[in-house]
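What follows is a short report on a single structure.
Letters A, B, ... are given to chains in the order of the sequence lines, protein chains preceding strands, and every chain is numbered from 1. For clarity, every value in this text was computed on a predicted model and none was experimentally measured.
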Amino acid sequence: MSWAWFHKLGSPKWFFSWSKSWALPLFCVGCVCLFVGLVWGLAFAPADYQQGNSFRIIYIHVPVAMLAQSCYLALGVAGFVFLVWQMKMAPVFIKSMAPVGAVMALIALVSGAIWGKPTWGTWWVWDARLTSVLVLFLLYMGIIALQNSLDDLVLVNKAAAVISVLGLINLPIIKYSVVLLETLHQGPTFTLTKKPEMPPEMWLPLLFSVIGLYCFVAGLVLWRMQTEILKREHRSNWVKQEVMEHGL
Amino acid sequence: MTYSSFIRSEFLVLWRRKQDIFNALLFFIIVVALFPIGINSSAEFLAPAAAGIVWCAVMLAILMAVEGMFKEDYWDGSLEQWIVSGLSLPLLILLKVIVQWLVVVAPLLVMMPLFSEMLYLPSLSFWVLIMTLLLGSPSLFFIGAVGAALTMSIKQGAVLVMLLILPFYLPVIIFSTLAVKAAEAGLPYSGLLAMLLAMSLLSLVISPLMTAIAVKASVN
Amino acid sequence: MQSTASLTISNLWIERGERDLCQGLSFSVQSGEIVRILGDNGAGKSSLLKTIAGVFSPLEGKISYVGEDVTFDRSLLQKDAIYLGHSVGVKSLLTVVENLRWYCPDVSLGVLHEVLELLEITNHVDVLVKNLSAGQARRVALARLWLSNKTLWLLDEPFASLDVRGVTLLEQRIQQHVLSGGLVVLTTHHDLLTLSSRDVVLLP
Ligand SMILES: Nc1ncnc2c1ncn2[C@@H]1O[C@H](COP(=O)(O)OP(=O)(O)OP(=O)(O)O)[C@@H](O)[C@H]1O
Ligand SMILES: [Mg+2]
């Protein structure tokens, strides 16, 4: 396999032109899939025999919760890549991804709470999944706060990478400890995404919305990265040319 | 500069700043006192909650003590001197964290018998609590050092360090309180202590490297 | 101390924040030479010295010391160099003697007191550095030049806040150092009184 693509990732110019051709299609595919998945799931999929219609919120909750975790995984990997290979795109990626991940974690929290009300009778239960999503949200907010409080760009890049890598190492331990806490406390035994044998009419829309959300977020992050690249490289000639030719 | 002269001067500086350490300990006492005063002072509430209360207070006190550990070195130019000394930067940081740990944790441990009485901690679990403190607190220092290094160039960075670092402390507090509870219930707890030890060792390896990266990026 | 050492900088580019500094600077220093870096405020003199000392890495270019390439691993150079920056790295909560023993633990107390006497800070040996004046604190930092036996000196405005006698003392010490084969790279905005140096001018 050729490593050329890996080295090209170091060049903002190459990445910019590459991402321009990918952002829009990804975003559109994401929107369509998400729309299909949500409409199908919310309006047409059969109701759960235990939870009735309230279970339909999994079509939002599950994809968002998955995204929140995947985003953090991606942040950690990007941080590692930056610390080891000094790749220029990695901090741009972290900067653009962190707020998106934070929003995903927040939506997961809110939708989890809304789902909790009819199922558990309260908005909040210290269930392992909800707790670890809360911690995830705090980790995201920590990265964002750090980026906003430091002003030297070199330091911002390094700091965000360091804290993401640290979070990536720590996240499994946090999850493990939270699950341990719950099992030893004999808390509510019902977990949100216990996988019963779902009929295809139920999991197909879920699949659609998961894939849709992934594409949607990928497109969104590519866009944010383009903006960030323009901001960072505003002194270089290719950016000036780019702006002259295509406007902002 | 040599490693031994570095350790000596670190001890000396901490000795001159004993008021700061003292403040962190007082802070610990106040946080512990808040629980009986603010929630419930009966033995039925305090006894099962004691380990959790102590650990919450320890976490906050340690973070208070560690949060500014690089600030002075940053502003007076010592960090530059560490970097150009030809000594290994991660090793210097490791030594500094160990010195801090010794100076802060030793008085905390000395105060523990008093607090276990005040919080009606069952005598059965006292030694387990001490063990969790000994095994778990190093990782708090090592993780806290990364936060301190990342924020040293900010004048007022304490709250930011809290926000940044406290989520990382959660596993330590969970394992520790579970170990104490297991001991009270007569269940085996050595696995949890092993987890604490593992976390401390892992952070001992990773944190100096990460802190060194942060220090180098800050001294720019 | 090495008797024949040389420091060679070739094609150096430094990036600070938004700015490129030095832009392909090359020069070399042989033993017995004083090189003075000149340039306006913000021209990058301090950045250059820090880069040589290894506080940060250059964007491009090569730094070699005694014939070895030390661009990526500066430890060979660092073991044989003293760097004094704008902030001199004396701890305000340590006394004068404690500060010096931190940097030079092998020096005997007798030698230490001799040097302090020469620098006229004997009366303040056991005073915390935070209670000294700026010039006195700088003298404490400069005392390392008398106490340690390193070949390469990287001095960033060493004369700042020194009085006339301090300046003379320091110039004498620098002279003595280069005569015994040392290398000195320094920046200053004042003219050197007794020393003759080679000048490297940084363009902004
Ligand atoms: N911490 C920093 N972050 C970003 N840029 C910096 C930083 N420090 C300095 N710079 C930039 O680097 C340039 C060179 O700074 P430097 O301190 O090397 O100048 P100098 O030649 O030593 O000036 P002076 O004569 O004032 O000491 C400055 O123009 C400044 O804009
Ligand atoms: Mg300068």
Side-chain angles (χ1 to χ4, degrees), chain B residues 1-23 65 68-93 95-96 99-100 103 149 152-153 155 209 211-220, chain C residues 14-17 46-47 49-57 65 70 73-95 97-107 126 128-131 134 137-138 140-141 144 147-148 150 152-156:
Chain B
M1 203 189 298
T2 61
Y3 292 116
S4 58
S5 76
F6 177 79
I7 295 178
R8 198 168 50 227
S9 72
E10 282 302 320
F11 267 118
L12 270 171
V13 168
L14 277 181
W15 174 245
R16 299 267 152 73
R17 304 185 44 160
K18 44 189 175 304
Q19 188 61 45
D20 287 3
I21 308 290
F22 205 61
N23 289 351
M69 69 189 270
F70 294 111
K71 282 233 163 80
E72 232 180 68
D73 300 321
Y74 176 73
W75 293 110
D76 69 12
S78 307
L79 281 185
E80 270 173 18
Q81 296 295 335
W82 298 7
I83 295 174
V84 303
S85 65
L87 305 177
S88 146
L89 186 60
L91 195 51
L92 287 177
I93 290 165
L95 292 175
K96 182 168 174 116
V99 169
Q100 294 263 343
V103 172
M152 65 179 138
S153 58
K155 284 258 162 116
L209 299 175
T211 314
I213 293 175
V215 165
K216 279 203 131 181
S218 297
V219 181
N220 200 307
Chain C
I14 303 174
E15 194 181 43
R16 271 332 275 286
S46 305
S47 308
L49 286 193
K50 283 185 192 182
T51 309
I52 297 175
V55 177
F56 40 76
S57 319
Y65 185 66
V70 292
D73 181 10
R74 224 58 67 80
S75 52
L76 179 76
L77 180 150
Q78 285 168 341
K79 289 207 176 72
D80 203 26
I82 290 186
Y83 162 77
L84 289 180
H86 278 285
S87 25
V88 282
V90 289
K91 301 217 124 300
S92 57
L93 285 174
L94 297 181
T95 65
V97 172
E98 284 163 357
N99 258 306
L100 293 175
R101 306 223 83 176
W102 171 35
Y103 285 113
C104 317
D106 305 326
V107 175
D126 289 321
L128 296 189
V129 169
K130 69 173 177 189
N131 298 332
R138 187 163 278 271
V140 174
R144 285 173 63 195
L147 294 170
S148 48
K150 307 279 177 90
L152 175 63
W153 289 1
L154 303 166
L155 308 176
D156 199 353

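- Contact record, C/Leu94 with B/Ser9: CD1-CB, 3.9 Å, taken as the closest heavy-atom pair.
- Comparing B/Leu12, B/Leu87, B/Leu79 by heavy-atom pairs within less than 4.5 Å of chain C, the highest count is held by B/Leu12.
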Criterion side chain to side chain contact (heavy atoms under 4.5 Å, CB included) on C/Glu98 and B/Arg16, from CA distance to verdict = CA-CA 12 Å; C/Glu98 284 163 357; B/Arg16 299 267 152 73; 2.9 Å; yes
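- Taken to the nearest 0.5 Å, the CG atom of C/Leu100 stands 11.5 Å off from the OG atom of B/Ser5.
- Residue C/Tyr103 touches chain B through both its backbone and its side chain, counting heavy-atom pairs closer than 4.5 Å.
- Nearest heavy atoms, C/Pro105 versus B/Thr2: CG-OG1, 3.6 Å.
- More than 12 heavy-atom neighbours from other residues, nucleotides or ligands sit within 6.0 angstrom of OH on B/Tyr3.
- Highest contact tally toward chain B, considering only C/Arg74, C/His86, C/Lys79, C/Lys50, is held by C/Lys50 [criterion: heavy-atom pairs under 4.5 Å].
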ask   = What's the verdict on side chain to side chain contact (heavy atoms under 4.5 Å, CB included) for B/Gln81 and C/Val88, showing C-alpha distance, side-chain angles and the deciding distance?
value = CA-CA 8 Å; B/Gln81 296 295 335; C/Val88 282; over 6 Å; no
inquiry  = For C/Phe56 and B/Lys216: C-alpha separation, side-chain torsions, deciding distance, then whether side chain to side chain contact (heavy atoms under 4.5 Å, CB included) applies.
reply    = CA-CA 7 Å; C/Phe56 40 76; B/Lys216 279 203 131 181; over 6 Å; no
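- Residue contact with chain B, scored on non-hydrogen atoms closer than 4.5 Å, involves the backbone and the side chain of C/Val55 alike.
- Listed here is the closest heavy atom pair of C/Leu93 and B/Arg17: CD1-CG, 3.1 Å.
- With a 4.5 angstrom heavy-atom cutoff, C/Leu77 does not touch chain B via any of its atoms.
- For chain C, no part of B/Trp15 is nearby; none of its heavy atoms comes within less than 4.5 Å.
- Here the side chains of C/Trp102 and B/Arg8 are not in contact, with every heavy-atom distance at 4.5 Å or above.
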